[in-house]
Amino acid sequence: NALGEFVIFTNSALILHGPAVREEDHERFPHVCLGLEREAAQRLYRGSFIGTRITLTGVSIEAFPLLQGATTQNPV
């Protein structure tokens with residue numbers, strides 16, 4: 001309730017989130033707030049990558065026919 005939807009925690013006091021469900025809970029929650037609107041928080045959340053990126057060197061895309069044509073904008 002304090003942080004609403006689409007919450008992204010950082011390694012600091014900054015927490016990115018949409019509008020709080022209960023404003024009184026939000027005021028009591030210790031964090032740095034940007035006051036994002038729901039749509040902005042949703043775009044940030046959906047565009048975030050949380051996990052491990054694997055970088056292959058010396059490998060050709062031709063070795064993986066199922067991945068040909070894939071991009072970061074159009075993943076397979």
Side-chain angles (χ1 to χ4, degrees):
N1 287 337
L3 300 177
E5 296 181 273
F6 309 111
V7 180
I8 302 172
F9 291 93
T10 67
N11 61 353
S12 69
L14 176 64
I15 301 174
L16 306 172
H17 63 87
V21 175
R22 294 184 53 199
E23 193 59 38
E24 59 273 8
D25 290 342
H26 180 258
E27 293 299 322
R28 288 194 305 256
F29 195 88
H31 71 295
V32 175
C33 185
L34 297 179
L36 296 174
E37 295 192 10
R38 185 182 186 281
E39 293 77 19
Q42 183 180 33
R43 281 194 308 275
L44 284 170
Y45 185 85
R46 290 194 174 152
S48 297
F49 177 83
I50 301 169
T52 303
R53 292 183 190 259
I54 300 173
T55 304
L56 301 175
T57 58
V59 177
S60 169
I61 192 70
E62 287 79 27
F64 301 94
L66 292 177
L67 296 180
Q68 290 180 7
T71 67
T72 56
Q73 307 305 323
N74 182 26
V76 175

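The first residue of the sequence shown is numbered 1, and numbering continues consecutively from there.
In the hydrophobic clustering of this structure, Leu36 groups with Leu14; members are Ile, Leu, Val, Met, Phe, Trp, Tyr whose side-chain heavy atoms approach within less than 4.5 Å, directly or through other members.
Once rounded to the nearest 0.5 Å, the distance linking CZ of Arg46 with CZ of Phe6 reads 5.0 Å.
For Ile8, the side chain to side chain contact (heavy atoms under 4.5 Å, CB included) partners are Leu16, Leu44, Tyr45, Ser48, not counting sequence neighbours. Under the side chain to side chain contact (heavy atoms under 4.5 Å, CB included) criterion, Val21 pairs with Asn1, not counting sequence neighbours.
The nearest pair of heavy atoms linking Ala2 to Ala20 is O-CB, 3.3 Å.
Sorted by first and then second residue, the pairs that involve residues 27-42 and meet side-chain hydrogen bond (donor to acceptor under 3.5 Å, both in side chains), not counting sequence neighbours, are Glu5-Arg38, His17-His31, Asp25-Arg28, His26-His31.
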